[in-house]
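So that the names make sense, note that chain A is the first sequence line, chain B the second, and so on, each numbered from 1. Source: prediction; values computed, not measured.
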2 protein chains.
Amino acid sequence: MTKLVKGKQNKEVLIEREPIDIESFKKMIRQMGLKVTKQRVHILEAMSEGRAHITAQELFEKLNKKHPEIGFATVYRFLKNMTEHSLVTEVRMGGFPARYELTPNQHHDHLNCTRCGKIVEFENESIEELQLAVAKKFKFKLTGHVLELYGECEQCTNKE
Amino acid sequence: MTKLVKGKQNKEVLIEREPIDIESFKKMIRQMGLKVTKQRVHILEAMSEGRAHITAQELFEKLNKKHPEIGFATVYRFLKNMTEHSLVTEVRMGGFPARYELTPNQHHDHLNCTRCGKIVEFENESIEELQLAVAKKFKFKLTGHVLELYGECEQCTNKE
DNA sequence: ATGTCAATGAAAATCATTATCATTTAAACT
DNA sequence: AGTTTAAATGATAATGATTTTCATTGACAT
């Protein structure tokens with residue numbers, strides 16, 4: 001599965017996502033010290049297929065079609081589990097429901113539409129470098145950052 | 001009223017907040033095209049006195065002591081109003097209740113030491129410009145951003 | 001002073017998320 | 001393979017922040 005993102009120099013690049021099979025799903029679950037259940041495997045499957053950022057509800061509904069036996073409590077619980085183990089990254093925006101993605105191996109930040117909740121991923125090397133410069137100026141060893149841009153997407157602006 | 005913050009060179013600096021009186025509160029309310037009510041004036045008073053970032057509930061409880069006639073719906077409604085008019089800045093963190101502050105006239109971001117909790121405020125025009133460029137690239141009207149850097153400060157690093 | 005429409009407060013509603021708890025099941029152990 | 005046992009599940013209730021509703025009050029233009 002591939003994901004289209006914006007990269008350096010304004011060129012679009014394809015980030016390959018390593019193909020994930022059921023065996024590696026099970027491995028991931030065991031790595032967290034949890035039991036392998038069909039529900040958990042199905043949740044991981046659904047997350048690896050779909051669009052990058054999904055809400056718990058959307059994920060539940062998607063799963064519900066093929067596997068109506070999975071309750072939404074399980075979805076919420078497992079998402080929380082995976083978030084705590086950094087296997088999944090949680091993105092929260094305004095008062096909107098949290099969105100989740102399998103933690104990407106390549107770092108990126110988010111541009112969020114405050115009206116429709118849409119999330120666009122971006123990566124900007126220059127900003128990263130400036131952040132390092134700021135940290136250096138204040139003699140900090142930089143270990144992480146959160147950069148979330150908020151605005152109104154084209155569609156919402158036109159919807160007026 | 002003054003606010004104690006950590007500033008450049010690890011020296012504490014005092015950022016003066018312009019004194020706000022009832023008349024200017026009323027002016028602010030009229031500027032938003034709203035009617036001046038005692039509730040709204042009291043809400044503004046309470047916000048200008050207290051700690052920088054307050055939740056709607058905290059604000060309601062604080063007001064409730066002196067003015068038990070103010071309902072929490074009014075607090076929520078007015079905070080939303082002011083946020084929409086950029087008079088108040090809303091900060092949301094994880095799933096926690098939103099926190100509000102009278103919009104500071106001087107924009108800044110934060111550099112946080114993950115070991116001792118020290119906060120350094122900084123401002124970087126180049127980063128701001130790059131953020132605008134990113135938003136433009138994706139045809140977003142940029143309305144705000146959150147930039148928090150995390151790291152280890154000099155003292156903590158030397159403390160090893 | 002008065003009419004009108006916005007503002008208010010109490011209560012109910014909503015919405016995402018979490019907790020409860022009886023039942024099921026993974027997987028460790030015969 | 002059968003038994004055990006603690007973890008996992010799903011249905012439901014509970015929670016907590018925020019919003020809506022609606023009858024009443026009040027600001028302010030006239």
Side-chain angles (χ1 to χ4, degrees), chain A residues 22-23 25-44 46 53-85 88 90-100 114-117, chain B residues 22-23 25-44 46 53-85 88 90-100:
Chain A
I22 297 202
E23 257 327 300
F25 288 146
K26 293 185 177 175
K27 213 171 286 175
M28 290 162 81
I29 297 169
R30 289 199 193 91
Q31 269 172 19
M32 291 188 275
L34 301 174
K35 289 182 179 175
V36 173
T37 66
K38 53 184 180 309
Q39 289 91 333
R40 284 169 174 166
V41 172
H42 287 149
I43 291 172
L44 277 170
H53 299 86
I54 196 165
T55 67
Q57 287 298 338
E58 285 166 356
L59 186 54
F60 167 69
E61 279 158 29
K62 178 177 176 177
L63 282 161
N64 207 244
K65 289 174 193 161
K66 282 200 177 178
H67 313 285
E69 73 279 6
I70 300 181
F72 67 86
T74 302
V75 175
Y76 273 99
R77 266 187 298 237
F78 192 45
L79 281 174
K80 203 181 178 189
N81 258 325
M82 292 196 291
T83 301
E84 281 159 1
H85 286 84
V88 153
E90 187 188 59
V91 181
R92 282 174 184 274
M93 217 305 263
F96 292 104
R99 292 186 170 272
Y100 301 86
T114 51
R115 288 188 61 192
C116 68
Chain B
I22 296 201
E23 258 327 299
F25 289 147
K26 293 184 177 175
K27 212 170 289 175
M28 289 162 80
I29 297 168
R30 289 199 194 91
Q31 268 172 19
M32 292 189 273
L34 302 174
K35 290 182 177 174
V36 173
T37 65
K38 54 182 179 312
Q39 289 92 332
R40 285 170 173 167
V41 172
H42 288 149
I43 290 172
L44 277 170
H53 297 86
I54 196 166
T55 67
Q57 287 298 336
E58 285 166 357
L59 185 55
F60 167 70
E61 279 159 29
K62 177 177 177 178
L63 283 161
N64 207 244
K65 290 175 191 160
K66 282 200 176 177
H67 314 285
E69 73 279 6
I70 301 180
F72 67 85
T74 302
V75 175
Y76 273 99
R77 266 186 296 237
F78 192 44
L79 280 175
K80 203 180 176 189
N81 259 326
M82 291 196 291
T83 301
E84 280 159 2
H85 286 84
V88 153
E90 187 188 58
V91 182
R92 285 175 184 271
M93 242 287 280
F96 294 104
R99 291 187 169 274
Y100 301 86

Open item on the list: Distance check needed: dA10(C) C1' versus Arg77(B) CZ, whole Å only.
Closed with: 10 Å

Side-chain donor/acceptor pairs under 3.5 Å, residues 76-83 of chain A, sequence neighbours excluded:
from: Tyr76(A); atom 1: OH; to: Gln57(A); atom 2: NE2; distance (Å): 3.3
from: Thr83(A); atom 1: OG1; to: Leu79(A); atom 2: O; distance (Å): 2.7

- [ ] Hey, can you tell me if Phe72(B) and Phe60(B) have their rings parallel, tilted or perpendicular (30° and 60° cut-offs)?
- [x] perpendicular

Task: Spatial distance of atom CZ (Arg30(B)) from atom NZ (Lys27(B)) [nearest 0.5 Å] - done: 9.0 Å

Strictly under 3.5 Å: I want the nitrogen or oxygen pairs between protein and nucleotides 15-17 of chain C, one per line.
from: dT17(C); atom 1: OP1; to: Ala98(A); atom 2: N; distance (Å): 3.0
from: dT17(C); atom 1: OP2; to: Tyr76(A); atom 2: OH; distance (Å): 3.2

- [ ] Could you check how far CD1 of Ile54(B) sits from P of dA17(D), rounded to whole Å?
- [x] 14 Å

TODO: Starting at atom CG of Leu59(B), determine the distance to atom C1' of dA17(D), rounded to an integer number of angstrom.
DONE: 15 Å

Task: Interatomic distance where NE2 belongs to His67(B) and P belongs to dT8(C) [whole Å] - done: 14 Å

Task: Whole-Å gap separating C1' (dT18(D)) and CG (Asn81(B)) - done: 15 Å

- [ ] Please examine the side chains of Met32(B) and Glu84(B), heavy atoms only from C-beta on, and report whether any two atoms are closer than 4.5 Å.
- [x] no

Task: Whole angstrom value for the distance that separates C1' of dA11(D) from CD of Glu69(A) - done: 14 Å

Task: Rounded distance (Å) that lies between atom C1' of dT9(D) and atom CG of Leu63(A) - done: 14 Å

Task: Value in whole Å for how far the C1' atom of dA7(C) lies from NZ of Lys80(B) - done: 16 Å

Task: Protein-to-nucleotide contact annotation, 5' to 3' order, nucleotides 22-30 of chain C [B base; S sugar-phosphate only; - none; under 4.0 Å, heavy atom] - done: ----BS---

Open item on the list: With rounding to the nearest 0.5 angstrom, report the CD to CG distance, Glu69(A) to Leu63(A).
Closed with: 9.0 Å

